[in-house]
Amino acid sequence: MTAALSRSEAEDFLYLEAALLDEGDWDAWLALYTEDAIFRMPAWRDEETLCSDPDTELSLIHYDGRGGLEDRVFRARSGQSVASHPRPRCVHVIGNVRLIDGADGIAEVASTFTVFLHDMRADRTHHFFGRYRHMLRHEAGTWRIARKHIVLLNDTIPTVVDFYSI
Amino acid sequence: MTIDPAGLIDDRPDEGIFRVDRAIFSDPGIFDLEMRHIFEGGWVFLGLASQARAPHDFFTTQAGRVPILIMRDGEGQLGAFVNSCPHKGAQVAQTRAGNARIHVCPYHSWSFDSAGRNRGIKWQRAGCYAAAFEQSDHGLARLPHFGEYRGFLFGSLAADVPTLAAHLGGAARFLDFVVGQPPAGVELVPGAVTFTYDANWKLQLENCSDAYHFTSAHPSYIQIMERRQKGDSAAAVRSIWDQSQAWSEDAEGVQGGSYSFEHGHVLNWGRIGLTGSHPLFESAGDIAARHGAAGRDWIFNMRNLTIFPNLQIAENASSQLRMIQPIAPGRTLMRTWCIAPSGESGAARRQRIRQYEDFFNPSGMATPDDTVAYESCQRGHAGRVDPWLQGYARGMTAGRAGGNRLSDAIGASPRRSVLADSQLCDETLYHNYYREWARRMAAGVGAERA
């Protein structure tokens with residue numbers, strides 16, 4: 001009997017990830033990822049075309065393995081990054097969740113996101129929006145993220161974008 | 001009433017004093033003068049020749065507040081034009097790049113070829129135009145000056161400027177070294193990254209040349225490099241920073257320095273040496289053959305080059321090209337790319353891209369710590385109890401006129417040079433920015449009064 005994922009389970013999973021990011025529970029967030037997880041937010045090749053090949057085109061963020069995300073969490077907590085402290089207040093709103101595939105221990109979930117941020121230091125509120133594509137893998141009795149692909153649609157970055165704000 | 005820019009730079013070399021008034025970063029009148037007399041009044045960087053390789057390729061860019069269209073015509077000649085229809089002013093090219101023999105204005109369908117000539121005025125014969133109109137030129141306005149050096153394109157909206165060669169002066173020697181300048185030239189890796197920050201453009205100008213901030217603003221990045229070196233982190237992304245002593249506070253001897261050139265251009269550099277994780281390592285032999293051993297050693301050093309006022313090329317673990325685009329006194333747009341040698345191997349390109357993303361991107365682990373600091377400065381500049389900033393004093397007694405043995409080795413001729421240990425962190429190279437700034441502003445204000 002192999003694991004299957006329903007749409008409502010997929011939604012719960014994405015909402016949990018969003019809540020862990022928003023609430024700063026980043027160890028639990030990292031634990032959602034497999035050891036070999038690929039985390040990628042490509043840059044745009046032009047107005048309408050996203051970069052597709054991470055080895056020949058630029059990404060805003062590209063990690064091949066969870067270690068890259070662990071580094072990001074380490075930096076954000078280090079107290080040695082002026083950009084990371086005080087942490088902006090963020091809320092992720094996830095929508096339009098579609099289960100593309102959810103059988104045999106592998107699931108693919110498409111969704112949209114909006115992240116609202118308030119940077120207290122600059123008294124400035126802005127938002128990021130775009131699309132997620134999660135590839136989930138069932139391992140050790142639970143679903144984990146094996147791949148997360150983020151399409152950032154408003155990619156003129158206002159000063160900072162970090163793992164917790166996308 | 002506009003502040004007189006001449007009073008905002010306190011430059012008294014004989015007394016060992018150089019100070020900058022905080023108003024240069026926030027005064028709207030100063031900003032307006034900068035746009036007219038620096039960004040729209042002289043040479044600015046516009047892009048790379050490789051952004052329009054084939055006949056009829058084009059790309060759009062900016063000179064100050066002015067939209068610019070660069071096109072390669074049917075004969076292969078590059079031209080630079082104001083991207084604005086002479087009829088009503090609409091932008092004739094709408095996209096960042098493309099290929100078009102004819103650009104048709106979207107508003108009233110006047111059309112232009114890739115050499116900027118007018119090729120059609122809709123219903124011209126029925127238009128009952130006067131003879132004066134029929135006899136005048138209806139092409140796109142060509143920039144008075146446009147030129148290329150080593151694949152870098154520069155233009156000037158003002159007619160009364162020195163030649164491009166004179167403008168670049170001795171700094172051109174360091175454009176010869178960008179990413180090793182292979183025979184195939186230099187190119188931008190697909191994927192432009194654009195970001196804004198709410199602070200003045202000159203904070204970016206200075207930061208690129210600022211060795212003093214590195215261990216203060218980027219300790220989290222340095223710690224991550226240490227984690228990766230020790231294997232605490234599983235990340236595959238490594239960096240030549242691992243192997244560099246340039247930022248180590250206890251490194252001994254000359255670890256870097258700075259050069260100042262005519263017209264405000266500067267270079268600051270740090271010693272790195274040939275390391276296997278440098279994306280050019282595979283080409284070290286070819287580079288030595290083309291540039292000599294001294295040129296090769298320079299190419300493997302960390303180098304931050306600023307061609308005043310809007311081009312910065314930072315080369316270290318990877319290589320970034322930045323265009324500074326001021327929007328308002330307290331707001332700046334940065335257009336950034338990974339610049340790379342055309343024809344490098346897939347493995348080297350991958351290494352270059354991976355090392356780029358973590359360090360240079362606004363979504364990475366170093367640049368945000370700079371831009372957030374700029375915004376902090378901008379807010380702090382409101383404090384005018386003492387308007388004079390003290391950040392231009394390090395290295396005051398370390399500099400010398402002309403070059404040194406390291407610039408002599410590559411035939412470079414800076415006007416001023418500093419050799420530095422790891423802690424000197426010269427700030428006198430900013431003087432070069434502000435002397436050129438003051439010269440251009442004074443000339444502009446003088447011309448307006450005349």
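Residue numbers begin at 1 in each chain, while the letters A, B, ... track the order of the sequences.
For the pair B/Tyr356 and A/Leu58, the minimum side-chain heavy-atom distance is below 4.5 Å. Contact annotation: the side chain of A/Tyr63 approaches that of B/Asp358 to within less than 4.5 Å [non-hydrogen atoms, C-beta and beyond]. In this structure the side chain of A/Leu60 never reaches within 4.5 angstrom of the side chain of B/Glu357, judged on heavy atoms. Counting heavy atoms from C-beta outward, A/Thr156 and B/Thr196 have side chains that approach closer than 4.5 Å. In this structure, the side chains of B/Ile224 and A/Phe74 come closer than 4.5 Å at one or more pairs of heavy atoms.
With values rounded to the nearest 0.5 angstrom, A/Asp46 atom CG is found 8.0 Å from B/Thr95 atom OG1. Here CE of B/Met365 is found 5.5 Å from CZ of A/Arg72. Values are rounded to the nearest 0.5 Å. Put simply, CG on B/Asp198 and CG on A/Asp119 are 9.5 Å apart, with the number rounded to the nearest 0.5 Å.
Using a cut-off of 4.0 Å between Lys/Arg side-chain N and Asp/Glu carboxylate O, B/Arg96 and A/Glu48 are scored as not salt-bridged. A salt bridge links A/Asp55 to B/Arg354: at least one charged side-chain nitrogen sits closer than 4.0 Å to a carboxylate oxygen.
Formation of a donor-acceptor pair under 3.5 Å by the A/Arg75 side chain with backbone atoms of B/Tyr221 is not found in this model.
Counting all heavy atoms, side chain and backbone alike, B/Ser363 lies closest to A/Ile61 at O-CG1, 3.6 Å. Annotation for B/Ile353 and A/Pro54: closest pair CG2-O, 3.8 Å, computed over non-hydrogen atoms. Residues B/Gly191 and A/Ala43 approach most closely at CA-CB, 3.9 Å, considering heavy atoms. Of all non-hydrogen atoms in B/Pro190 and A/Thr56, the two that sit nearest each other are CD-O, 3.7 Å.
Contact annotation for A/Arg121: both backbone and side-chain heavy atoms come within less than 4.5 Å of a heavy atom of chain B. For B/Asn361, the part lying under 4.5 angstrom from a heavy atom of chain A is the side chain only. Using a 4.5 Å cut-off between heavy atoms, A/Pro42 does not touch chain B at all. Contact of A/Ser78 with chain B is made through the side chain alone, with heavy-atom distances under 4.5 Å. Of the atoms belonging to B/Arg352, not a single heavy atom falls under 4.5 Å from chain A. With a threshold of 4.5 angstrom between heavy atoms, B/Gln94 approaches chain A through N, CA, C or O but not through any side-chain atom.
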Checklist entry - Is there a side chain to side chain contact (heavy atoms under 4.5 Å, CB included) between A/Val160 and B/Val372 once you walk through the steps? => result CA-CA 8 Å; A/Val160 183; B/Val372 166; 3.5 Å; yes

Next on the checklist: One pair to check against salt bridge (charged side-chain N to carboxylate O under 4.0 Å, His left out): A/Glu57 and B/Arg349. What are the steps and the verdict?
Outcome noted: CA-CA 9 Å; A/Glu57 300 176 307; B/Arg349 182 60 60 91; over 6 Å; no

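The environment of A/His85 atom NE2 is sparse: at most 12 non-hydrogen atoms of other residues, nucleotides or ligands sit within 6.0 angstrom. A 6.0 Å sphere centred on CZ of A/Arg89 holds no more than 12 heavy atoms belonging to other residues, nucleotides or ligands. Within a 6.0 Å radius of CZ in A/Arg144, more than 12 heavy atoms belonging to other residues, nucleotides or ligands are found.
With respect to chain A, the highest number of heavy-atom pairs below 4.5 Å among B/Gly364, B/Ala340, B/Ala97 belongs to B/Gly364. Between chain A and the residues B/Ser216, B/Ala366, B/Pro219, the largest count of heavy-atom pairs under 4.5 Å involves B/Pro219. When A/Asp162, A/Val82, A/Ile166 are compared by the number of non-hydrogen pairs under 4.5 Å with chain B, A/Val82 comes out ahead. Contact tally against chain B (heavy-atom pairs below 4.5 Å) for A/Ala122, A/Ser81, A/Pro158: the top residue is A/Ser81.
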